[in-house]
Amino acid sequence: AHSFRLEVLSVVGQVDEVVRSESVDAAGRRDFFDYAEYERIRDGIGDAPVDGVMPAVTFDVPVIAPSTNLSEPVVDIMGLDAALMEGFDQLEDVDSGRVLDIAALGPNDVYLSSSVAEAVNVSSGDSINLFFGATPTVVEIKGIYRDGGNASSADSAFMQMSALQDLANEPGRINRIFVSNDGDLIS
């Protein structure tokens, strides 16, 4: 039997704390800050009971699937550093259950949540358009994962952090730092 608490925790995943800027830009998005802030926090943790610290870039963007002409108005695009995934949720392919490796993604590749894939009627190998502005960015879907985890919404997609930094025109900058404390979802 599933409890409500376990269901909520599985959506939140292994992210226990999120560090972000208090200030916002003209569009209402949290401001970016230098990667050095991640290094400062990582180095300052010392012997704290933490099993992971990871810089991240997140954006909420509209998505359109050209093959079906279906859209999703807000999708949480998350850019993560594959080398720092230890202690955080792994993305699992909905069909095979295999772990989807962020490092295997190219600069124009994403893993898409099953809820977005269903909403816009796409699958692995299809392309979708992400709108960071007026001009679409075409990306290829390299895998479909079970929703949630790593502080993402059900309507989400993951890509390499450096690729998302380039798309956002924010190289070397981040807008989130995720911290995972020792233990599992409940402890």
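Not measured: the values here are computed from a predicted model. Below, each value reflects all heavy atoms present in this structure, side chains not excepted, and no hydrogens, waters or symmetry copies.
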Mind checking whether F32 and F59 have parallel, tilted or perpendicular rings, split at 30° and 60°? tilted
One should read off an interatomic distance between T137 OG1 and I128 CD1, to the nearest 0.5 angstrom, of 10.5 Å
Rounded at 0.5 Å granularity, tell me how far OH in Y111 sits from OG in S156. 14.0 Å
Verify whether the ring centers belonging to F33 and Y38 lie closer than 6.0 Å. no
Please examine the side chains of M54 and M85, heavy atoms only from C-beta on, and report whether any two atoms are closer than 4.5 Å. yes
Measure from the side-chain N and O atoms of D76 to the backbone N and O of D155, and report whether any donor-acceptor pair falls under 3.5 Å. no
Please lay out, stage by stage, how R173 and Y35 fare under the test side-chain contact (heavy atoms from CB on, under 4.5 Å). CA-CA 5 Å; R173 295 172 54 82; Y35 188 87; over 6 Å; no
Give the C-alpha distance, both sets of side-chain angles, the deciding distance and a yes or no for side-chain hydrogen bond (donor to acceptor under 3.5 Å, both in side chains) between D126 and S67. CA-CA 8 Å; D126 290 340; S67 62; 4.7 Å; no
L164 vs I77 side-chain heavy atoms within contact, under 4.5 Å: yes
Does a side-chain heavy-atom distance below 4.5 Å link V75 with D60? no
N169, CG atom: more than 12 neighbouring heavy atoms under 6.0 Å: no
Would you find a donor on one side and an acceptor on the other, under 3.5 Å apart, between the side chain of D93 and the backbone of S96? yes
Could you tell me whether the side chain of Q160 and the main chain of A103 form a donor-acceptor pair under 3.5 Å? yes
